[in-house]
Q: 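Before I ask anything, here is the structure I am working with.
All values below were derived from every heavy atom in this structure, side-chain atoms included, with hydrogens, water molecules and symmetry-related copies excluded. Since the model is a prediction, treat every value here as computed from it, not as a measurement.
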Amino acid sequence: MQRILSTQLSAHVGETVRIAGWIHRRRLLKSVAFLILRDAAGLTQIVVSEKAARARLETLPEETTVAVVGTVTVEPSAPGGVEITSPVIEALTDPAEPAPFDLYRPDLRASLPTMLDYAPVALRHPKLAAVHRISAAAVGGFRTALEAMSFVEIHTPKIVGAATESGANVFELDYFGRPAYLAQSPQLYKQMMVGVLERVYEVGPVFRAEPSDTARHLASYTSLDAEMGFVEDHRDVIAACHATVGGMLAGIQASAGASLELLDVTMPALTDDPVVVHFADVLEMISRATGEDVTGEPDLAPAHERWIGEWALREHGSDFVFVEGYPTAHRAFYTHPDPARPGYSRAIDLIFRGLELVSGGQRMHRYADYVRALTARGETDLSAYSGYLDAMRYGMPPHGGFAFGLERFMARLLDVPNVRQVALFPRDLHRLAP
């Protein structure tokens, strides 16, 4: 008999079916027992009234995997409006050991460190599993949106021979007797691939050896990257990023509605057209509103991000706001300067509910500009950039792109205070297991 899932039971009322999953909870009453079985789709109530079946159930603790054959019966108070009666219960494994917490409770009553220590078990809780169903739907929406705009998925190396992008915060490893590093970003490779496929994207891990022990930093996270050629300027990048975020939100609602409902998620507001404000204007608005002169700041502090996020929601009805024109000196070497405003660039950030989510912008595309930019930043030996610079030497169109961390997006979407709550087996300053 073929197994079916809990959500399919209502189509089989009166039939004998086979389901399988984990014992989520047992309620052993005097005259009858109830088995709540959990599978990938949800919960099923099973009524156990026969003595032999009850005796069998009493030997099988919570989290034991079982198969059940029984009759589907209408019961409005049961999950899905049906239950299983006259069951035959088959254990599929040895009785499970007691879990360190009760998974059947509506919320998992354990500290975050305990949940992370026992993640293989904790992630079975329906609410924790729902987080990663939403995350999967977000990635699916990311891919769908970009492919609708003719982007092609690529997979770039995660072991690199030189730490070329973000300074010293890299993980070094022994690569057959010579030094190598875990990639901090696919940035340089995705720019190279613009010269091949014009529009590319990637979903993959990146590694940052930052000694930061905060609620928003991880040593490894999932980066969602895109790069596109033949742009007019960074506004084309903003338009593509805005459409991508819209696609992600649509994908979540289409594929993870039950998980959104379980977690009581308030979906963010996204306007039809992107809300865009210049970096210098942000600082001027904050200075006027607070009476504190911040116009000389080289970047937005967390408090500034919160302020502009609240402004965007209040004035434009959007949980998202693009900030453009960051100072060139405080952006990566490949950032395109703004010819109309010396000292400022065509870099962008997307602020989501008061937190920086996306970084990107237009990149330089002329070889001579790269040589000048790198030497101005003290790079005297450009051999580490040889493959990257070759892409510029042999003809590269004006291009730009964006990237953001999946876990940071999820933390903001679900309004949780710590990014580890939405990371699958997080890696940070202290954690390397499980």
Side-chain angles (χ1 to χ4, degrees), residues 108 111-113 115-120 122-123 125 127-143 145-146 156 158 166 169-171 182-187 201-226 241 244-245 247-249 251-252 255-256 259-260 262-263 265-268 302 305-306 309 319-320 349-360 401-434:
L108 196 58
S111 66
L112 180 58
M115 287 191 283
L116 297 180
D117 287 342
Y118 293 95
L123 289 169
H125 189 278
K127 286 190 174 180
L128 270 65
V131 169
H132 299 286
R133 291 187 182 278
I134 296 171
S135 179
V139 174
F142 177 81
R143 285 190 165 102
L146 287 169
T156 61
K158 302 308 167 201
S166 301
N169 293 327
V170 293
F171 291 105
L182 294 179
Q184 297 167 287
S185 165
Q187 178 62 43
Y201 76 90
E202 180 168 12
V203 178
V206 297
F207 306 90
R208 301 290 175 94
E210 296 177 88
S212 301
D213 191 17
T214 74
R216 58 190 284 182
H217 285 93
L218 294 171
S220 174
Y221 64 90
T222 301
S223 185
L224 308 181
D225 281 82
C241 182
T244 301
V245 172
M248 293 173 67
L249 298 179
I252 290 169
S255 301
S259 295
L260 293 172
L262 178 63
L263 298 180
V265 177
T266 300
M267 290 298 288
E305 292 176 356
R306 289 191 295 272
D319 281 304
F320 299 88
D349 278 356
L350 176 59
I351 309 299
F352 174 29
R353 288 176 172 167
L355 178 69
E356 176 204 328
L357 175 64
V358 174
S359 288
F402 57 88
F404 58 92
L406 176 62
E407 292 83 356
R408 186 172 287 192
F409 169 76
M410 287 296 299
R412 217 60 182 162
L413 177 70
L414 303 184
D415 192 26
V416 298
N418 195 314
V419 72
R420 291 160 186 78
Q421 293 173 251
V422 297
L424 195 64
F425 307 113
R427 296 290 178 260
D428 57 28
L429 195 60
H430 307 289
R431 184 170 294 278
L432 196 55

Q: To the nearest 0.5 angstrom, please state how far the CG atom of Asp319 sits from the CG atom of Leu355.
A: 12.5 Å

Q: Provide the full list of salt bridge (Lys or Arg N to Asp or Glu O under 4.0 Å) pairs with a residue in residues 403-418, sequence neighbours left out, each pair given once.
A: none

Q: Under 30°, 30 to 60°, or over 60°: which ring-plane class applies to Phe409 and Phe404, parallel, tilted or perpendicular?
A: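 Ring orientation of Phe409 relative to Phe404: tilted.
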
Q: How far apart are the closest heavy atoms of Gly251 and Ala137, and which atoms are they?
A: O-CB, 3.8 Å

Q: Mind checking the NZ-CZ spacing from Lys158 to Phe207? Nearest 0.5 Å is all I need.
A: 8.0 Å

Q: State, to 0.1 Å, how close Arg216 and Glu305 come at their nearest heavy-atom pair, and which atoms those are.
A: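 Heavy-atom minimum between the residues: NH2-OE1, 4.2 Å.
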
Q: Just wondering, do Leu414 and Val265 contact through their side chains at under 4.5 Å, heavy atoms?
A: yes

Q: Atom OG in Ser220, atom CG in Leu432: separation rounded to 0.5 Å?
A: 10.5 Å

Q: Indicate the atoms forming the closest heavy-atom contact of Phe320 with Pro268, along with that distance.
A: CE1-CB, 3.8 Å

Q: Please examine the side chains of Lys127 and Leu263, heavy atoms only from C-beta on, and report whether any two atoms are closer than 4.5 Å.
A: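 Heavy-atom side-chain distance check passes, below 4.5 Å.
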
Q: Looking at every non-hydrogen atom in both residues, tell me the closest pair between Leu413 and Arg353 and how far apart they are.
A: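 Reported closest heavy-atom pair: O-NH1, 3.3 Å.
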
Q: Kindly indicate whether the side chain of Pro211, heavy atoms from C-beta on, has any atom under 4.5 Å from the side chain of Asn169.
A: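 The answer is yes; the side chains approach within 4.5 Å.
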
Q: Roughly how far, to the nearest 0.5 Å, is the CE atom of Met248 from the CG atom of Leu406?
A: 6.5 Å

Q: side-chain contact (heavy atoms from CB on, under 4.5 Å), that's the test. Do Asp117 and Arg431 meet it? Break it down for me.
A: CA-CA 9 Å; Asp117 287 342; Arg431 184 170 294 278; 3.0 Å; yes

Q: Taking only residues two or more places apart in sequence or in another chain, which ones pass side-chain contact (heavy atoms from CB on, under 4.5 Å) with Phe425?
A: Ala119, Pro120, Leu123, Arg427, Pro434

Q: Listing request: all salt bridge (Lys or Arg N to Asp or Glu O under 4.0 Å) pairs with a residue in residues 130-142, at least two apart in sequence or in separate chains.
A: none

Q: Any idea which heavy atoms bring Ser223 and Val206 closest together, and the distance?
A: CB-CG1, 3.7 Å

Q: Measure the spacing between CG of Asp428 and CG of Asp213 and express it to the nearest 0.5 Å.
A: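 Answer for the CG-CG pair, Asp428 versus Asp213, is 6.5 Å.
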
Q: Less than 4.5 Å apart, side chain to side chain, heavy atoms only: is that true for Thr244 and Phe402?
A: yes

Q: Work out which heavy atom in Asp225 is nearest to a heavy atom in Ser185; give both atom names and the distance.
A: OD2-OG, 4.5 Å

Q: Side chain of Glu202, backbone of Thr156: donor and acceptor closer than 3.5 Å?
A: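 Flag set: sc Glu202 to bb Thr156 pair under 3.5 Å.
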
Q: Using modelled atom types and a 3.5 Å cut-off, is there a donor and acceptor pairing between side-chain atoms of Asn418 and backbone atoms of Gln421?
A: no

Q: Could you state the interatomic distance from CD1 (Ile134) to OG (Ser255), rounded to the nearest 0.5 Å?
A: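 It comes to 11.5 Å.
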
